[in-house]
Amino acid sequence: MGIERGIFNRAQLLLGSDAMERLNSIKVIIFGVGGVGSWCAESLVRSGISHLTVVDSDRVCITNINRQLMATVKTVGQVKVEALKERLLTINPMAEIDARQQIFSEETADSFCLDSYDYIIDAIDSLKDKRLLIEMACNTKAVFFSSMGAALKMDPTRIKVAEFWKVEGCPLARALRQRFKRLKRKPARKFLCVYSDELLENKGHNASCGTEKCMCPKAKNGPGDAALLNHEWCSSKAQINGSLMHITAIFGMTIAGLVVKDAAGRP
């Protein structure tokens, strides 16, 4: 505990020892560790979270370097969750980081045992999978926070927090609500989202990065791993939009702040 006392001295000074004990004991899972989720993970670990599961199927692409915490020229081609875990353990070597290279989907959802977590964080891009995670997380006792779209933004002063049904000006939130309405279902409870009502347009042209390291030649055994084989992440998404680190990082750190505030304030 000696090294942890030193690491979290300033946090303990602000929050108190009881709150730090709660932060040390809770279990958090983050789905998606890209531009939003990676910074959220770093902020949580630096704030005293010691039990963290990070979930993402991607490998680091050279196009990730402008906004993702663990993405550097040295980590291109590495499994994102593994590169992130290595980084987080340099912050707190005592932390328990569970790195899971998986896709959250209908086929894999039950393998995550969502009921075992105190906090569930959604930083998923896929509309279908995001909708599923929202529905499942809201049926657990865990506190749930979700990131709406962080691409096509530049103004940090327009980043806000609101309940899902009150988010305004975000196309992703609108699409999710429309999907719930089409299915004639609603999340079982309310939850907070980080979002921005700013919406810019892409001015450049997107193309494959051309980096062979972005190809995934081999996958681990486990649910959904077939989808990881021979997959070029940077050019295979249905839509790719420009994004900047100062926006994605604020999204992620805002969610981390919500977790810390909630956990520290609990009896």
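Treat the numbers as computed from the prediction; the structure is a model and nothing was measured.
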Answer yes or no: is there a side-chain heavy-atom contact under 4.5 Å between Leu176 and Met148? yes
Could you check whether Asp58 pairs with Lys80 (Lys NZ or Arg NE/NH1/NH2 to Asp/Glu carboxylate O, under 4.0 Å)? yes
[atom1] of [X] to [atom2] of [Y]: how many Å apart, nearest 0.5 Å?
X      : Y      : atom1 : atom2 : value
Ile247 : Ile159 : CD1   : CD1   : 4.0 Å
Asn92  : Ser50  : CG    : OG    : 5.5 Å
Ile120 : Phe112 : CD1   : CZ    : 11.5 Å
Thr108 : Arg100 : OG1   : CZ    : 8.5 Å
Ser196 : Leu152 : OG    : CG    : 10.5 Å
Arg131 : Arg177 : CZ    : CZ    : 15.5 Å

I'd like to know if the side chain of [X] and the backbone of [Y] have a donor-acceptor N/O pair within less than 3.5 Å.
X      : Y      : value
Thr75  : Met70  : yes
His51  : Asn24  : yes
Asp129 : Ser126 : no
Arg22  : Ala264 : yes
Ser43  : Trp39  : no

Would you say the side chains of Thr248 and Arg67 form a donor-acceptor pair under 3.5 Å? no
Determine whether the side chains of Asp56 and Gln101 contain a donor N or O and an acceptor N or O closer than 3.5 Å. no
Within one Ile-Leu-Val-Met-Phe-Trp-Tyr cluster: [X] and [Y], side-chain cutoff 4.5 Å:
X      : Y      : answer
Tyr195 : Phe144 : yes
Phe145 : Val36  : yes
Phe251 : Leu258 : yes
Ile7   : Leu89  : yes
Leu192 : Val143 : yes

Applying the side-chain contact (heavy atoms from CB on, under 4.5 Å) test to Thr53, which of Val81, Val28, Asp98 qualifies? Asp98
Using a 6.0 Å cut-off, check whether atom CD of Glu168 has over 12 heavy atoms from anything other than its own residue. no
State which residue, out of Tyr119, Phe164, Trp165, fulfils the ring-ring contact (aromatic ring centres under 6.0 Å, His included) condition with Phe191. Phe164
Under the salt bridge (Lys or Arg N to Asp or Glu O under 4.0 Å) test against Glu135, which residue among Lys130, Arg179, Lys128, Arg185 passes? Arg185
Could you check Met136 against Phe104 for side-chain contact (heavy atoms from CB on, under 4.5 Å), going step by step and ending with a plain yes or no? CA-CA 11 Å; Met136 292 186 66; Phe104 179 87; 4.0 Å; yes
Is Lys186 positioned over the aromatic face of Phe180, cation under 6.0 angstrom from the ring centre and no more than 45 degrees off axis? no
All pairs passing side-chain hydrogen bond (donor to acceptor under 3.5 Å, both in side chains) where residues 145-162 contributes a residue, at least two apart: Asp122-Ser146, Asp155-Thr157, Arg158-Asp197, Lys160-Asp197
If you compare all heavy atoms of [X] against all heavy atoms of [Y], which two are closest, and at what distance to 0.1 Å?
X      : Y      : value
Ser47  : Val260 : CB-CG2, 3.7 Å
Arg46  : Glu42  : NE-OE2, 2.8 Å
Arg189 : Ala137 : NH2-O, 3.0 Å
Val33  : Gln68  : O-OE1, 4.2 Å
Gly149 : Leu172 : N-CD2, 3.4 Å
Asn202 : Gly242 : OD1-N, 2.9 Å

side-chain contact (heavy atoms from CB on, under 4.5 Å), that's the test. Do Leu88 and Leu52 meet it? Break it down for me. CA-CA 10 Å; Leu88 297 177; Leu52 179 64; 4.0 Å; yes
Cys40/Ile121 under side-chain contact (heavy atoms from CB on, under 4.5 Å): CA gap, chis, key distance, verdict: CA-CA 9 Å; Cys40 181; Ile121 296 170; 3.7 Å; yes
